[in-house]
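Values below: every heavy atom of this structure, side chains too, minus hydrogens, waters and symmetry copies.
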Amino acid sequence: MNILEGLNPEQKQAVLHTEGPLLVLAGAGSGKTRVLTHRIAYLVEEKMVSPWNILAITFTNKAAREMKERIENLIGPEAHNIWVGTFHASCVRILRREIERLGYDRNFVIYDADDQKSLVKTCLDQLNINEKNFPPNSVLGEISRAKDELIYPDKFMRMYASDYRMSRIAAIYELYQKKLKANNALDFDDIILLTINILSGYPEVLDYYADKFRYILVDEYQDTNTAQYMLVSMLASRHRNICVVGDDDQMIYGWRGANLRNILDFEKDYPDCRVIKLEQNYRSTKIILDAANNVIKNNMGRKSKKLWTENSKGTPVNRYEASDEHDEAYFVARTMRELKNSGRSYSDMAILYRINAQSRVFEDVFMKQGIPYKIYGGLKFYARKEIKDVIAWLRVVQNGNDDISLKRVINVPRRGIGKTTLDRIEQYAAAEGVSMYRIISRASDYPDLSRALKSLQDFYTFVENMRGLASRTELVSFIETLIDKSGIIRELEAEMTTEGKTRIENIKEFISVAQEFSDMAEENPALEDFLAHISLVADIDDTEEVGDRVVMMTLHSAKGLEFPVVFMVGLEEGIFPSYRSATEEEELEEERRLCYVGITRAREILYITNAKCRMIFGSTAYNKESRFIGEIPEELISMPERYSSGPLQDNSFHKGSSFMPSGRIMDLSDLKARIREFNRQSAENDASEVNVGDRVIHKKFGEGTVKAKVYEGGDYRLDIHFDQYGMKRLMESFARLKKI
DNA sequence: CTCAGCTAGATTTTT
DNA sequence: TCTAGCTGAG
């Protein structure tokens with residue numbers, strides 16, 4: 001097979017230019033994955049480069065898996081020896097071998113966002129800093145940004161010496177970092193940072209890896225941050241055969257420290273570099289591309305690039321303005337069914353939204369309508385309580401210094417070790433500068449631990465036994481034993497609730513994940529490998545893609561994917577663009593890039609929808625349509641004439657409400673006027689009606705207090721606590737309440 | 001120490 | 001809407 005076959009001239013050049021630095025500016029749908037995989041195949045098959053000398057870095061696990069598969073299809077099983085992975089996965093691989101140089105233990109654990117938050121809280125406690133003034137999440141944001149920029153605590157301190165708030169954060173940062181090390185734990189940023197530390201501090205290590213990786217390829221280069229940039233530069237320093245592929249218009253991770261300078265200044269960093277632009281789009285219709293180009297041209301400071309395509313013109317962008325989020329979901333469901341009836345598969349269709357919370361309504365409606373779907377991301381399997389508990393147990397066994405996990409499991413299931421005891425242990429640990437587990441191992445030395453002494457000793461013995469077992473037993477059976485002996489399942493069974501049952505099911509699912517991991521591994525995998533795997537791979541179910549199902553995901557996770565039919569939903573000011581980006585022009589541009597990414601996912605048909613009113617985070621919002629809709633030229637858009645019958649009948653919002661006369665066809669302005677009228681009326685009604693906290697009288701239930709009031713389907717749902725009858729849920733218009 | 005019941009708070013996007 | 005964390009009674 002000829003590796004160069006079917007490539008256009010630019011793609012061919014990118015494959016053939018193997019020596020020296022290369023920047024490929026690849027527009028959306030221009031075949032960049034194709035270039036990357038063929039380039040690797042070319043290196044191995046034609047240039048006789050050993051797979052062992054190649055490093056390919058992707059941004060997501062999904063992309064890594066896909067790339068591996070495609071390379072394997074081209075060159076066969078040799079592909080296994082190529083390092084293909086995310087930045088984080090590749091660095092963990094290096095750290096497993098080298099981290100002891102930095103005084104960490106080889107069996108370090110990786111903290112996720114929850115663990116990080118707990119740790120920051122511990123730091124705040126210890127430094128007597130109020131959580132109210134220093135919310136853990138925003139502190140973490142600052143720390144993370146500093147790490148992205150390779151700013152260490154001491155430098156951070158010096159930079160902000162004159163700024164009270166920031167110097168407090170510097171103190172937290174310093175303690176946080178110390179505790180991470182004491183816990184033998186790394187957060188996500190550390191994975192990159194510590195790898196850089198080793199490479200820069202130990203020339204022999206740098207030598208080894210810089211020599212090993214004769215050819216380095218980086219995908220999604222526009223989304224790399226300063227630390228990642230540094231890492232790549234170091235690894236490429238010896239051979240300088242570095243090929244980066246990216247598109248500045250698709251930079252959507254600025255909030256995570258992605259630095260556009262990396263791609264914009266590549267030519268300065270490597271003056272001898274070759275730049276190749278891929279501008280022919282093979283994915284989308286002319287209209288879709290036109291729409292995307294018109295949106296993105298509103299951004300300033302881009303690399304000049306004009307995407308074009310030989311594809312057909314296609315159909316106009318379909319626009320639907322829903323009355324609320326249910327209407328929106330019903331519209332999508334109905335349209336999808338029509339498409340299915342006209343011969344499309346559900347798996348050809350995707351719903352893309354800005355925030356995970358938007359998936360809920362779709363899930364609801366799709367379930368009712370019997371449309372098969374699959375949600376990517378969102379509720380993470382590993383984030384569930386019971387799963388986190390099991391993982392924390394495994395971590396404690398693996399690494400006793402992990403205080404965060406220890407605190408999590410020491411009383412799961414209950415064994416009479418409460419907050420007081422834990423606080424004391426923590427204080428001793430801090431005072432002596434050792435881990436909590438160490439204190440527990442010598443619990444009898446501390447008189448104030450006497451009350452819980454027995455429990456503590458039992459716990460200690462149990463963990464020690466398990467640790468011994470872990471080294472002797474095969475992974476899966478060890479995990480099963482631990483789950484069994486720890487009593488987690490027993491406690492859940494004792495609950496006798498459906499919730500408990502689900503949790504047990506999830507734990508079983510977790511065991512099968514371990515089984516799968518074990519099956520995939522070459523030999524019997526170590527516990528630490530499994531733990532690292534599940535820390536770095538966020539989603540379990542993105543491994544299998546089965547059946548004819550619609551997919552739903554955020555715009556961020558859609559990057560790199562394509563679908564024949566795309567529904568971009570919730571195009572409203574405040575949602576997309578997000579209200580949080582409203583103030584900064586730069587953030588707004590990032591939202592616009594996200595919109596560009598969304599539009600360019602579509603191959604043939606694109607739907608854009610917005611809802612006039614939307615219930616979000618428990619309250620109702622009336623959002624204007626997104627400015628991005630206005631940026632698509634009107635002549636590219638078609639508005640389905642559906643306002644009369646279809647969607648609105650499905651929609652409980654209008655049932656029994658007077659503002660929608662049935663059977664009459666209405667034009668848009670008419671509808672708008674009526675919605676205004678309706679809103680005005682409800683506002684008026686509101687004034688005279690009961691509110692939370694009011695005392696009311698009901699004919700049947702007597703006196704009570706209004707506890708909650710939620711707008712629902714054109715009415716208010718009231719939760720009222722009646723003195724005689726307790727809590728009742730009533731709809732306001734039927735309840736006939738009198739205020740007292 | 002545990003449990004139930006309640007309140008306050010949070011929800012952008014991901015490795 | 002959901003959940004983490006707090007409070008007060010047992």
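Regarding A:Arg256, its CZ atom lies at a distance of 10 Å from the C1' atom of B:dT13, rounded to whole Å. Atom OH in A:Tyr376 sits about 18 Å away from atom P in B:dT13, given to the nearest Å. If you measure from atom NZ of A:Lys147 to atom C1' of B:dT14, you get 16 Å, rounded to the nearest angstrom. When the P atom of B:dT13 is taken as reference, atom CG of A:Asn137 falls 12 Å away, rounded to whole Å. If you measure from atom OH of A:Tyr579 to atom P of B:dA10, you get 10 Å, rounded to the nearest angstrom. The nearest whole Å value for the distance from the CD1 atom in A:Ile355 to the C1' atom in C:dT1 is 13 Å. C:dC2 atom P lies 11 Å from atom CE of A:Met615, rounded to whole Å. A:Asp187 has its CG atom 18 Å from the P atom of B:dT14, to the nearest Å.
Contact annotation: A:Ser535 does not reach the phosphate of B:dT15 (side-chain N/O to OP1 or OP2, under 4.0 Å). Between A:Ser578 and B:dT13 there is no side-chain polar atom (N or O) within less than 4.0 angstrom of OP1 or OP2. Residue A:Thr554 has a polar side-chain atom (N or O) positioned under 4.0 Å from OP1 or OP2 of B:dT14. One finds no side-chain N or O of A:Arg415 lying less than 4.0 angstrom from the OP1 or OP2 phosphate oxygen of B:dC1. OP1 or OP2 of C:dA4 lies within a sub-4.0 Å distance of a side-chain N or O belonging to A:Lys385. OP1 or OP2 of B:dC1 has at least one side-chain nitrogen or oxygen of A:Thr420 nearer than 4.0 Å.
Side-chain contact, A:Asp187 with A:Tyr176: a donor N or O sits under 3.5 Å from an acceptor N or O. Under the 3.5 Å distance criterion, with hydrogens and angles disregarded, no donor-acceptor pair is assigned to the side chains of A:Gln228 and A:Asn259. With 3.5 Å as the limit, one finds a donor-acceptor pair spanning the side chains of A:Thr554 and A:Ser557.
The distance between the ring centers of A:Tyr373 and A:Phe362 does not fall below 6.0 angstrom.
Applying the side-chain hydrogen bond (donor to acceptor under 3.5 Å, both in side chains) rule to A:Asp219 yields the partners A:Lys32; only residues at least two apart in sequence or on another chain are considered.
Contact annotation for A:Asn411: backbone-only contact, meaning every heavy-atom pair under 4.0 Å involves sugar-phosphate atoms and none involves a base. Using a 4.0 Å heavy-atom distance criterion, A:Lys121 is classed as a sugar-phosphate-only contact. Residue contacts for A:Phe87: at a heavy-atom cut-off of 4.0 Å it reaches no nucleic acid atom on any strand shown. Within the 4.0 angstrom heavy-atom criterion, no nucleotide atom of any strand lies near A:Lys559.
For the pair A:Lys62 and A:Tyr376, the cation-pi test (distance below 6.0 Å, angle within 45°) is passed.
Projected onto DNA chain C by closest heavy-atom contact, A:Lys419 and A:Arg360 fall at different nucleotides, the more 5' of which corresponds to A:Arg360. Of the residues near DNA chain B, A:Arg451 and A:His556, the one whose nearest nucleotide (by heavy atom distance) lies more toward the 5' end is A:Arg451. Residues A:His88 and A:Arg354 each lie close to DNA chain B; by heavy-atom proximity, the contact nearer the 5' end of the strand is made by A:Arg354.
B:dT14 has no base stacking with the ring of A:Tyr253 when judged by centroids under 5.5 angstrom apart and an interplanar angle below 30°.
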